[in-house]
Amino acid sequence: MALLKSKIGEIPEDAIILSETDALKHQMNIIKKWDKSSEVFALRYGPYILGAGALLCGAFFNNYFRRKFLLGHYGVLASYFPVCFVPGAASTILHSEVVLRKIVLMKFDECPICMEMRAVAVQASLGVLYPMVVAPIGCAALAVRFSTHDIPYVTERPKEVLNTFRKMFKQIHTKTLYMFIAQAFLASVVTYYEASNLINISKTISEQEENNQNHLMR
C-alpha cells in the first residue's frame, strides 16, 4: 500500500488513515522488506554511514591530541568514548530523527536544499566541531592528571594554555578544513540518495497498485 498525504476533504472513502507513528512504522516495514537492497541502501544504511564518518573524524582528532600530549596508553577509554563514540552515535540518531524521519514520512513542505543544509549542519557539528573542542580539552586534562605534558592549569595561566592549543591546531588547520568539507559533502550526498530512494520505491508501489487495479477491472 502506497503512503499518500492528503487534506481531510480529499481523503478517499476507502483510504486507511494512519497516525504519524503508524505511518512511520508502515514505511520502515516496506523499506526493511524491499527485495532489491540497492534501491533502499541509503534509507537503510545512510545514518550509520554518517555515524561512521563522525566517529572517524573524532578518532583523528583524538589520536592527534593524544600524541601531542604524550598520553601513550593512559586514559584510552576516557578519551575515545566522548570524542569518537558519542558523536558517532549522536550523528546516527539525530540524522534519523531530524532528516530521515521527514523523508520517510514525505514531509516535503520545506525545500530540498533546506533539508540537506540541516543534515550538513548536524554532521559538520558532530563530525568536526564537537571533537575539535572536546579532544584537546579532554587530552589536556588527562595530561595534567598523568603528568605526561607540561601544561599549566587553565585557571592559573589561561593564555599559556590557549597558546599551546593554538600551536597544535595550526599544524592541522588545513586537514580540519578538508574534513569539514568532507563531512558536509557526505551528509549532502546521503540525504540526496535517501530522498531519491524513497521517491523511486513510492513510484514503484504506486505503479504496481495501478497495474493490479487495471488487471482486476478487466
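Starting from 1, each residue takes its place in the sequence as its number.
Applying the salt bridge (Lys or Arg N to Asp or Glu O under 4.0 Å) definition to pairs two or more places apart or across chains, none involves residues 73-92. Here ring-ring contact (aromatic ring centres under 6.0 Å, His included) pairs that include residues 155-184, with residues two or more places apart or in two chains, are Phe65-Phe169.
In plain terms, the two heavy atoms of Gln183 and Gly127 that are nearest each other are OE1-CA, 4.2 Å.
Residue Asp150 places its CG atom among 12 or fewer non-hydrogen atoms of other residues, nucleotides or ligands, all under 6.0 Å distant.
With sequence neighbours excluded, the residues satisfying salt bridge (Lys or Arg N to Asp or Glu O under 4.0 Å) with Lys36 are Glu39. For the side-chain contact (heavy atoms from CB on, under 4.5 Å) test, residues two or more places apart in sequence or in another chain that qualify with Leu186 are Ile49, Leu50, Val190. Checked against salt bridge (Lys or Arg N to Asp or Glu O under 4.0 Å), Arg145 has no partners two or more places apart in sequence or in another chain.
Rounded to the nearest 0.5 Å, atoms CG (Asn200) and NZ (Lys203) are 6.5 Å apart.
Ser188 pairs in a side chain to side chain contact (heavy atoms under 4.5 Å, CB included) with only one of the listed residues (Gln123, Met117, Glu116), which is Glu116. Asn62 pairs with exactly one of Pro131, Pro136, Cys139 by the side chain to side chain contact (heavy atoms under 4.5 Å, CB included) rule, that one being Cys139.
Counting only N and O atoms by type, the side chains of Asn63 and Arg66 include no donor and acceptor under 3.5 Å apart.
Cluster note: Phe185 groups with Val189, Tyr192, Tyr193 through ILVMFWY side-chain heavy atoms spaced under 4.5 Å, whether in direct contact or through intervening members.
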